[in-house]
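Residue numbers run from 1 in the order of the sequence given. Atom set for the values below is all heavy atoms of this structure, side chains included, hydrogens, waters and symmetry mates excluded.
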Amino acid sequence: MTEFDPKSVEYLGLLTQVDGDLMPGAQISLQAAEVALGEIADGVIVTDARGRITYSNPLVSEMTGDLVGLLPGQMLNDSLQLYDAQGVPLPPILPPSGGDEDAPSVREFSACIRHSGESHSPLEVNVQVLAVRDGAALSNFVLVLRDTSAARRISSRLSWQNSHDALTRLPNRQFFEIELQQTLSLCVDRRQHHVLLYLDVYQFKVINDTLGYSAGDQLLTQLAQLLRRCLSSADLLARVGSDEFAVLLRDCTLEEARRVVARLLEAVKGFAFRWEGSDSRVALSVGAVTVDRHAPSATQLLASVNDACRVARDQGRNRVKFFGDPRKVLEKRRETTWVAEIHAALREERFLLYRQPVVSLQGDPRVHHYEILVRMRGRDGGLISPGLFLPAAERYGLIEDVDRWVIREIFSYMALEQRMGMSGFNYAINISGISLGDETFADYVLREMTEKGVAPSRVQFEITETSAINNLERALIFIHKLRAAGCSFALDDFGRGVSSLAYLRQLPVDYLKIDGSFVRNMIEDEIDSAMVSTIDHLAKRMGIKTIAEYVETPELMERLRLMGVDYAQGFGIAAAACLPEICEAARNPGVEAQGGS
């Protein structure tokens with residue numbers, strides 16, 4: 001609160017008893033001063049040295065509930081009674097009549113004003129009492145009354161809104177992370193043990209899509225109330241995502257947490273969501289991690305428990321995944337370090353392009369095209385396997401940056417090949433599910449291809465069966481746009497998904513890459529061999545060429561050739577190798593040296 005400067009008010013005097021001339025040393029008239037005091041948002045009372053009221057502005061009458069207000073000539077201590085928060089009368093505001101030369105210059109306290117004959121709550125005010133002196137002699141008192149009731153309510157409301165979800169009225173993610181971090185800071189010995197749960201409403205999107213968003217909101221509200229009833233008062237429940245909740249089970253062992261989770265799942269199983277005459281059943285996916293003195297930060301813990309929840313969701317309805325082993329959390333923590341490393345590698349140009357040939361099995365054994373693969377050079381110059389950084393790039397949303405880097409680099413390389421008269425090789429480029437779902441990615445690829453002058457017929461894109469199915473609408477748009485430009489497409493890892501055949505007819509692809517898990521053991525396993533043969537036969541009936549992955553021996557290559565598979569790729573043919581320099585490629589075109597990785 002801005003303090004009332006005594007030097008600024010000592011000239012007010014007895015406002016009703018002086019003439020209208022300008023006050024000594026002042027720059028405004030008394031009338032102007034009264035107008036100003038009447039417009040400010042605080043109540044102002046001026047008394048003489050004995051406590052007799054000489055002035056009060058209009059707001060005082062509103063604050064006291066007295067239409068007349070405090071009139072000049074009344075004694076302040078007799079006219080205004082203040083109370084504490086419990087309703088107990090406070091001592092007189094001013095010193096006893098007669099003045100007090102030792103009164104403090106400024107005194108401030110909180111109080112309540114009670115309105116006689118009214119039922120509404122007392123008015124909470126901040127009171128500032130200023131003693132005004134003329135030299136050493138006390139001349140006046142000035143009281144400033146500031147209404148804090150509304151300010152406190154607004155402040156409290158804003159604080160609540162910043163820390164809570166407006167729909168479910170549960171704490172939000174920000175508040176939950178702060179509480180979780182504080183709990184972690186108190187885990188100083190082995191006896192302090194907690195469990196963190198992450199709850200995902202299984203297939204919540206179906207409710208939104210079929211019944212509408214209002215139904216989805218009502219479902220979340222009812223679920224929040226149901227979950228709250230299943231927990232103790234010490235547990236913290238929060239909404240941390242659109243259809244995701246987190247629970248901190250304080251002072252809880254893993255075995256106790258299992259019982260809590262069982263109670264939550266049982267309650268949700270018995271819950272029927274009723275909307276416009278129809279009943280819907282919902283389910284949960286639950287992830288859990290331990291919280292103790294060895295746990296990482298709150299942010300990393302939430303990422304780990306979210307991963308556990310995803311594993312549970314992939315396993316079906318009402319499934320639970322516990323990461324009770326601290327090594328799992330540590331593994332997750334290590335994975336998050338790749339985020340900074342990927343950013344640095346992009347910034348410092350430490351990514352490399354490799355290629356692996358895909359050869360024809362029918363007719364002359366020659367290179368049909370190359371698959372482009374990405375590698376990372378470590379800070380020490382060593383080569384880092386994609387299996388270490390690509391999962392983290394996909395999990396944390398960085399794979400699209402990597403995809404765009406690959407597009408720029410390989411198109412620049414292909415353009416250089418064309419300028420050097422070396423346009424005989426075609427290249428297959430892997431596209432992640434995240435990029436596939438980005439509606440701007442197709443236009444980005446077309447723009448880069450046009451600017452670099454790359455012939456579209458030299459470009460093939462590989463998309464995995466899983467990413468295509470998960471982003472079917474976007475995948476179809478991407479495929480149609482790029483095929484119209486002259487590019488071709490391969491469906492990677494075909495046969496791994498349970499819905500492969502159902503979706504194949506919807507995807508206009510040119511090649512099927514038979515999943516390597518069938519190819520690798522097909523000589524020893526007749527079922528795997530039959531799967532490869534069936535997929536190849538189906539593809540041929542649809543006019544689609546087939547590519548076998550993980551071809552690691554000459555015997556396997558010959559078996560595939562006899563079966564009728566069109567192309568093969570794997571260490572038994574050639575390992576992936578760094579993109580050669582253009583001049584080197586011109587001297588020695590063809591397949592890289594035979595051998596393993």
Side-chain angles (χ1 to χ4, degrees), residues 170-202 223-224 226-241 243-269 283-340 391-392 395-396:
L170 293 176
N172 59 19
R173 188 184 187 95
Q174 180 182 6
F175 180 87
F176 189 85
E177 280 198 40
I178 293 172
E179 287 294 309
L180 180 57
Q181 191 60 52
Q182 289 178 348
T183 301
L184 282 170
S185 66
L186 297 176
C187 291
V188 294
D189 58 43
R190 295 181 180 179
R191 293 173 297 177
Q192 291 168 312
H193 195 280
H194 319 279
V195 175
L196 175 63
L197 305 180
Y198 204 94
L199 315 177
D200 176 86
V201 182
Y202 190 75
L223 274 179
L226 178 66
L227 297 174
R228 179 69 269 175
R229 290 196 295 269
C230 295
L231 301 170
S232 74
S233 58
D235 300 328
L236 177 62
L237 171 66
R239 184 187 180 195
V240 293
D243 59 343
E244 297 164 331
F245 300 89
V247 183
L248 178 59
L249 302 175
R250 293 189 172 98
D251 298 318
C252 180
T253 65
L254 204 55
E255 286 307 312
E256 291 170 336
R258 292 182 191 276
R259 291 193 289 272
V260 173
V261 170
R263 187 163 65 243
L264 290 170
L265 292 178
E266 192 63 29
V268 172
K269 283 181 183 179
L284 292 180
S285 303
V286 184
V289 298
T290 54
V291 180
D292 56 27
R293 63 194 180 106
H294 300 296
S297 68
T299 301
Q300 291 168 330
L301 264 178
L302 279 170
S304 295
V305 75
N306 187 18
D307 282 347
C309 186
R310 287 181 183 177
V311 173
R313 184 173 61 232
D314 291 342
Q315 294 173 350
R317 298 166 59 90
N318 291 318
R319 299 301 177 92
V320 184
K321 181 64 178 178
F322 281 87
F323 279 179
D325 187 347
R327 288 174 297 181
K328 290 286 186 180
V329 179
L330 183 60
E331 180 182 332
K332 174 68 182 176
R333 188 178 185 184
R334 289 194 185 111
E335 187 179 89
T336 60
T337 64
W338 283 112
V339 175
R395 191 183 308 277
Y396 294 101

Working for side-chain contact (heavy atoms from CB on, under 4.5 Å), residues V201 and F245: CA-CA 8 Å; V201 182; F245 300 89; 4.2 Å; yes

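- Note that CZ of R310 is 5.0 Å distant from CG of N306, once rounded to the nearest 0.5 Å.
- Using a 4.0 Å cut-off between charged nitrogen and carboxylate oxygen, E266 and R263 do not count as a salt-bridge pair.
- In this structure, S285 and R313 approach most closely via the heavy-atom pair OG-CA, 3.4 Å.
- Side chain of R250 to main chain of A234: a donor-acceptor pair is present (N/O by atom type, distance under 3.5 Å, no hydrogens or angles).
- With hydrogens and angles ignored, the 3.5 Å screen pairs a side-chain donor or acceptor of H193 with a backbone N or O of C252.
- Between the side chains of D235 and S232, at least one donor N or O lies within less than 3.5 Å of an accepting N or O.
- Taken to the nearest 0.5 Å, the CG atom of L180 stands 5.5 Å off from the CG atom of L301.
- Distance check, rounded to the nearest 0.5 Å: CG of D200 to CG of L284 gives 8.0 Å.
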Derivation and outcome, side-chain contact (heavy atoms from CB on, under 4.5 Å), residues H194 and D251: CA-CA 5 Å; H194 319 279; D251 298 318; 3.6 Å; yes

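- Shortest non-hydrogen contact noted between A312 and V286 is CB-O, 3.4 Å.
- When atom types are taken as modelled, the side chain of R239 and the backbone of G241 share a donor-acceptor pair closer than 3.5 angstrom.
- In plain terms, the two heavy atoms of V260 and L231 that are nearest each other are CG1-CD2, 3.9 Å.
- Rounded to the nearest 0.5 Å, atoms CD (Q181) and CG (L186) are 10.5 Å apart.
- With rounding to the nearest 0.5 Å, the separation of CD1 in I178 from OG1 in T183 is 12.0 Å.
- At least one side-chain heavy atom of V320 sits less than 4.5 Å from a side-chain heavy atom of L265.
- Counting heavy atoms from C-beta on, the side chains of L236 and F175 come closer than 4.5 Å.
- For the atom pair CG of L254 and CD of E256, the computed distance is 10.0 Å after rounding to the nearest 0.5 Å.
- Put simply, the side chain of V305 does not reach to within 4.5 Å of the side chain of L197, judged on heavy atoms.
- In terms of heavy-atom proximity, C309 sits nearest to Y198 at SG-O, 3.6 Å.
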K269 and N318: CA distance, side-chain angles, deciding distance, side-chain contact (heavy atoms from CB on, under 4.5 Å) verdict: CA-CA 8 Å; K269 283 181 183 179; N318 291 318; 3.7 Å; yes

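- Contact record, V268 with A283: CG1-CA, 4.1 Å, taken as the closest heavy-atom pair.
- The minimum heavy-atom distance between V291 and V195, with the atom names listed, is CG2-C, 4.3 Å.
- A salt bridge links E177 with R173: the distance from a Lys NZ or Arg NE/NH1/NH2 to an Asp or Glu carboxylate oxygen falls below 4.0 Å.
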